[in-house]
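Here it is: the structure, laid out below.
No hydrogens, no waters, no symmetry mates; every other heavy atom, side chains included, goes into these values. The model shown is predicted, which means the values in this text are computed figures rather than measured ones. Residues take their numbers from the sequence shown, with the count starting at 1. One-based numbering, in listed order, for ligands and for the atoms of each.
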Amino acid sequence: MNRFLQVPILLLLLCLGCQEEKKQAPKDEGMDLNKKWWKESIIYQIYPRSFKDTNGDGVGDLRGIIEKLDYIKSLGVTAVWLNPIYSSPNDDNGYDVSDYRDIMADFGNMEDFDAMLQGMHERNIKLIMDVVVNHSSDEHEWFKQSRSSRDNPYRDYYHWWPAEKGKPNYRYSLFDENGDAWKYDSITDSYYLHYFSVKQPDLNWENPKVRQEVYDIMKFWAEKGVDGFRLDAFQFAAKDTKFPAIDDDLEKNFIQHYAMQDGLHTYLQEMNEEVLSKYDVMSVAEGAGRNFEDAHNLVDADRNELNMAYAFEGVDIAKSDGYELSTLKEVFTKWDREFAKEGWLSIFLANHDQARLVSRYGNDTPEFRAASAKLLNTFILSMRGTPYCYYGDELGMTNIGFETIEEYQDIAAINGYKKVVNQGGDVEAYMKNLKFSSRDNGRTPMQWDTSANANFTSGTPWLPVNENYKEINVASEEMDPNSVLNHFKAMTKLRKNNDVLVYGSYELIAKEHPSIYAYTRTLGNEKVAVLLNFSTDKATMELPEGWNLGEEWINNLQPIKANDNQIELLPYQAVIISLN
Ligand code: GLC
Ligand code: CA
């Protein structure tokens, strides 16, 4: 029996009415585009320590960012995500905050901040702040109070385990030199929890006071006019505070055990209600949980939590022995498919926790560096999702590749080394991997011009400048019409002028091709093909049926050779071409 016959006629009419309305709206895969400014944003990530130093202390500062605002504008990006700039003893370069309402002395002061924000807004550039509230610094006043006595009012701001109950069950720490997330503190004869370094105690999100403090902090910055928040390590914020034994290889599977624990969604919904919904701000959390379901629960519009997912699967593909193009295709295609109808993604292949884009995903030899860097930027800026471009990648900056542990500054590298030594592991293998993958590779100073220290600083840079700065730098690349930089600018312009690159649906083409990553983006009647040759050899591809190649929108090398049924791409050639 047809159950539609049972639907009252009025409802039926109403339903027809809404169908009518839907038909008129622009459509993509049968749904509204649901336009939002943060979907159209192109985000430029700045690691402030390494961008531009103005007072000669070797450390980048806010005045340095102000000095370079016209440069940032010239890139065609529309928002900046700034790594943490709050007061911090710098155990983890600002990811250990000692005062959330003040600026780190190294970086300047609140006046500098206000001037920087104003300068950005004058140029229509939005500012996304990093919010680090899974943990604070152990030098934060809350922790100083908390550790002082067991009955201090701040005691429950952190996770404590009284020693008389014995040693707490093992928890893995990412940055601890023994990998142990519990630190014994003699003042109160208790252990505290730190998923990161000993100087980064985890905040107790079960405590409503902690949550309120955080919302107040976020409001403080939103009132100043910042345009968004990136929630650092937030997927780990909720914990089972009974700390039961975990019978598993915790180090290997920590995401499964730490991410998205009970309570997290409640905290995010509360944060949304208290802060995010009250301002025109975008929100993104680092990490997207354990699976697609978690990711959707974080960002689908009806959840009222966050705006976009920032999933690690793509950025984790490249290892020191390379990666398979088929995996890259598979991962990005799968995530796009999952988010085609609901939710929104971040698109990135680099950030401050990774080595350099071109060294990991491209080819940083002199012959192919420029072409492959352009190819990667073409990729990031032509996918569906909000692109995140890490400072220096617009130039094709490369890994510095330190040889000895003394050269490293990063706590992850240094404590990781100690851990290998402490555990009698393979130090040589560790160093080899570090040379390729260390976060310091991605943190060397920005290369501005050919003068000393690439004109990053007049003093001694906190981390050495890559020796290749005489060739790879802003000033030289600005003058060269074929530079990686000018290609980047052309790509941002293209994306901004063509909704198809933002909202268009994505379809993988020639899935099995061993060296070409090809896909189309389609919006209404408009269709473009993105063709990327990820190899050091020429590659040909059969043209799919029905393809009529139109105008080339962008091309990093010479015009492509094509006949009726085949195209040929040069090594690392990247082309976007319209299809008629
Ligand atoms: C995040 C940050 C990383 C930091 C860690 C601890 O993973 O991206 O840089 O070290 O959290 O705050
Ligand atoms: Ca400085």
Problem set entry | Glu286: numbered ligand 1 atoms lying under 4.0 Å from its heavy atoms |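 Once the distances to Glu286 are compared, the set is 1 (C), 2 (C), 7 (O), 8 (O), 11 (O).
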
For this session: Could you tell me which atoms of ligand 1, counted from 1 in the order shown, lie closer than 4.0 angstrom to a heavy atom of Arg230?
Result: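 Ligand 1 atoms under the 4.0 Å threshold to Arg230: 8 (O).
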
Exercise. Cationic tip of Lys239 within the cone over Trp205's six-membered ring, i.e. under 6.0 Å and within 45° of the normal?
Worked result: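 Lys239 over Trp205 ring: no.
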
Exercise. Below 3.0 Å, any N, O or S contact between Asn55 and the Ca ion (ligand 2)?
Worked result: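 Asn55 does place an N, O or S atom closer than 3.0 Å to the Ca ion (ligand 2).
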
Exercise. Which atoms of ligand 1 sit under 4.0 Å from any heavy atom of Phe175?
Worked result: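 Within the 4.0 Å cut-off of Phe175, ligand 1 contributes 10 (O).
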
For this session: Could you please compute the angle at the Ca ion (ligand 2) from OD1 of Asp57 to O of Val59, rounded to 10°?
Result: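 Value returned, to the nearest 10°, is 90°.
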
For this session: Working to the nearest 0.5 Å, report the span between OG of Ser346 and CZ of Phe312.
Result: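 Reported value, rounded in 0.5 Å steps: 10.5 Å.
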
Exercise. How many angstroms lie between CG in Asp91 and CG in Asn415, if you round to the nearest 0.5 Å?
Worked result: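 With rounding to 0.5 Å, CG (Asp91) is 7.5 Å from CG (Asn415).
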
Exercise. What part of Gln354, side chain from CB on, backbone N/CA/C/O, both or neither, has a heavy atom under 4.0 Å from ligand 1?
Worked result: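 Answer for Gln354: neither.
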
Exercise. Is a salt bridge present between Glu270 and Arg211, judged by a nitrogen-to-oxygen distance below 4.0 Å?
Worked result: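 A salt bridge is present here (some side-chain N lies under 4.0 Å from a carboxylate O).
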
Problem set entry | Short side-chain donor-acceptor distance under 3.5 Å, Tyr157 and Glu213 |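 Yes.
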
For this session: Measure the distance from atom 1 (C) of ligand 1 to every protein heavy atom, then report the residue, atom name and distance (to 0.1 Å) of the closest one.
Result: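 For atom 1 (C) of ligand 1, the nearest protein heavy atom comes out as Asp232 OD1, 2.7 Å.
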
Exercise. What is the nearest protein non-hydrogen atom to atom 5 (C) of ligand 1, stated with its residue, atom name and distance?
Worked result: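 So the nearest neighbour among protein heavy atoms is Phe196 CE2, 3.7 Å.
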
Problem set entry | Numbered atoms of ligand 1 (with element) below 4.0 Å of Arg439, judged on heavy atoms |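 Near Arg439, the atoms of ligand 1 are 3 (C), 4 (C), 9 (O), 10 (O).
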
For this session: Assess Asp61: does it contribute an N, O or S atom lying under 3.0 Å from the Ca ion (ligand 2)?
Result: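 Yes - counting backbone and side chain alike, Asp61 has an N, O or S atom under 3.0 Å.
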
Exercise. Can you tell me the N, O or S atom of Asp53 that's nearest the Ca ion (ligand 2)?
Worked result: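 Of the nitrogen, oxygen and sulfur atoms in Asp53, the Ca ion (ligand 2) lies nearest to OD1.
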
Problem set entry | Ion pair Lys334/Asp336, N-O distance below 4.0 Å |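 No, no charged N to carboxylate O under 4.0 Å.
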
For this session: Name the closest protein heavy atom to atom 3 (C) of ligand 1, giving the residue it belongs to and the distance to 0.1 Å.
Result: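 The closest one turns out to be Asp353 OD1, 3.2 Å.
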
Problem set entry | Salt bridge present between Asp410 and Arg443 (N-O < 4.0 angstrom) |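 Salt bridge: yes.
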
Exercise. Can we say Asp440 and Lys435 salt-bridge, meaning some charged N sits less than 4.0 Å from an Asp/Glu carboxylate O?
Worked result: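 Salt bridge absent between Asp440 and Lys435.
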
Exercise. What protein heavy atom sits nearest atom 4 (C) of ligand 1, and how far off is it?
Worked result: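 Here the nearest protein heavy atom works out to Asp92 OD2, 3.3 Å.
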
Problem set entry | Asp114 and Lys224 ion-paired at < 4.0 Å |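 Salt bridge: yes.
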
For this session: State the atoms of ligand 1, each with its element, that fall below the 4.0 Å cut-off from a heavy-atom position in His135.
Result: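 What qualifies from ligand 1 is 6 (C), 12 (O).
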
